[in-house]
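Structure first, commentary second.
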Amino acid sequence: MTTFDANGITLERVREYVWEIPQEDGMRAPARVLASEALLEEIKEDKTLEQIKNTTHLPGITDHAICMPDGHQGYGFPVGGVGALDAENGCISPGAVGYDINCGVRMMRTNLTYDDLKGHEEELVDSLFANIPSGLGGGGVVEAGVDTVDEILARGVDWALEHDYAVEDDLLHCEDEGMREGADPSKISQKAKDRGKNQIGSLGSGNHFLEVQRVTDVFDDAVGEAFGLSEDQIVVLIHCGSRGLGHQTCNDYLRKIEQQHQGLLNQLPDKELAAAPAGSQLAEDYYGAMNAAINFAWVNRQLIMHRTRQVFERVFDRSWEDMEMDLLYDVAHNIAKKETHTVGDGEEREVYVHRKGATRAFPAGHPDVPKAYRDVGQPIIIPGSMGAGSYVLRGGANSMDLTFGSTAHGAGRLMSRTQAKNEYWGGDVQQQLEEQDQIYVKAQSGATVAEEAPGVYKDVDEVVRVSDELGIGDKVARTFPVCNIKG
DNA sequence: ATGTAC
């Protein structure tokens, strides 16, 4: 048997790209890592493997915990982690959802080509930067009262539709039509609502960005056509989450769970995995709050998309409808969701699928895939770094068997933010991208550009190759950046 | 990711 020794943790090769940490001690299931050896060499460098192993101590862990090819260390549970926890006998863990609840990406198509945009790059990037709120702190497209925040939390993009920030077609091209069932605004603290009320329609900071891109390759013509993608076409990618509201909500529930469920906490190898037992009041409360924060993030991305349409209208002097600026799809990267899956012994079980830094990847025919894409599979959007371009994939035929219908979410970091700032200077990164690659970057903070320099990320091509080879998410198209704005 | 620490 081929093994891979990673600083004291031994992985057994199940087959190509599938590695297993066998069950031992307090583990309730094995852990799996889906990666090439090249990616595994990078993954082993931080606490990712220890964390995915720890995850298997959670009650109700089903089949195996899974680390995606872009996995890296996170709070308790790795970013790039998938864990299905039994919804009846298991638990739900805020750290396994992530601080930024429903951090995610959406892609909007246009009918513009790269030639239409050439010569307008600086005007476009300046106008996007001036009109789309970004950076830390407050200021959004909408400044809301508390009643409005409650409406957004309860109804998601349906609220945006009512207030003319969305059209019906936008809802039809979003998971859950932009409205999570079971959202309970009363389970979000006043403090979280106060943090969120002036951040509705704002990018935030860190790795969040808005990028205008051109399609460089379409690998699958039939699926590309179903997704409305063709070479040289301009698309817009929006990556952001639930800002201070989601962050505060995660924090609120971690503290509550630590206080009320110490018995379970003491059984876990890491306090950061704090979880509420399925069926407990706190599990129900967190699920209601998390679903509400998910709606908030969807509205956030919707308002940014709305404002982007307005900016394009001014720069190109045409209506957004005329430029066919339609939503391709919106994917969540940090969520837990009650789903029914066929588990190891062939039984159908309801599980809380935690996807943290992982994307749902439902295949063709799955009833939860929007009608527009049901015949080809769910679109998956995987952003690379700002120098490397991004991918569009479709849910693969093997995802339900291998990964509870999931795949990777991005390139994944290679080094910490602190380390990145020692290695790079923001101004130099910006200049190099513009001179070498004609990529126009505008940011609130030079430090953020250094933290997000292309060199701090893993090779997105390799991450996507593994997803494609495993048949969990199949390559459809590739894009390359033109303009990028960030916090 | 984040009113960039509690």
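The chains referred to below are lettered A, B, ... by the order of the sequence lines, with proteins before strands, and numbering in each begins at 1.
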Ring geometry between A/His247 and A/Tyr99 (parallel below 30°, tilted from 30 to 60°, perpendicular above 60°): tilted
DNA chain B contacts made by residues 241-254 of chain A, counting heavy atoms under 4.0 Å: A/Arg243, A/Gly244, A/His247
Lys NZ or Arg CZ of A/Arg413 over A/Tyr457 ring: under 6.0 Å, within 45°: yes
NZ/NE/NH1/NH2 to OD/OE distance under 4.0 Å, A/Arg32 and A/Asp63: no
A/His208 NE2 to B/dT4 C1', straight-line distance once rounded to whole Å: 14 Å
Separation of atom NZ in A/Lys486 from atom C1' in B/dT4, rounded to whole Å: 16 Å
Interatomic distance, A/Tyr99 OH vs B/dT4 C1' [rounded to whole Å]: 13 Å
5' precedence on DNA chain B between A/Arg255 and A/Gly204 (nearest-nucleotide basis): A/Gly204
d(CG, A/Asn198; C1', B/dT2) in whole Å: 14 Å
Separation of B/dT4 C1' from A/Gln444 CD (nearest whole Å): 15 Å
Ring pair (Phe, Tyr, Trp, His ring centres under 6.0 Å) involving A/His64 - partner list, sequence neighbours excluded: none
Aromatic ring pairing A/Tyr165/A/Trp159, orientation class (parallel under 30°, perpendicular over 60°, tilted between): parallel
Touch class at under 4.0 angstrom, heavy-atom based, for A/Lys421 against every strand present: nothing
Touch class at under 4.0 angstrom, heavy-atom based, for A/Gln199 against every strand present: sugar-phosphate
Distance in angstrom units between A/Asn300 CG and B/dT2 P, rounded: 10 Å
With sequence neighbours excluded, residues passing ring pair (Phe, Tyr, Trp, His ring centres under 6.0 Å) with A/Phe129: none
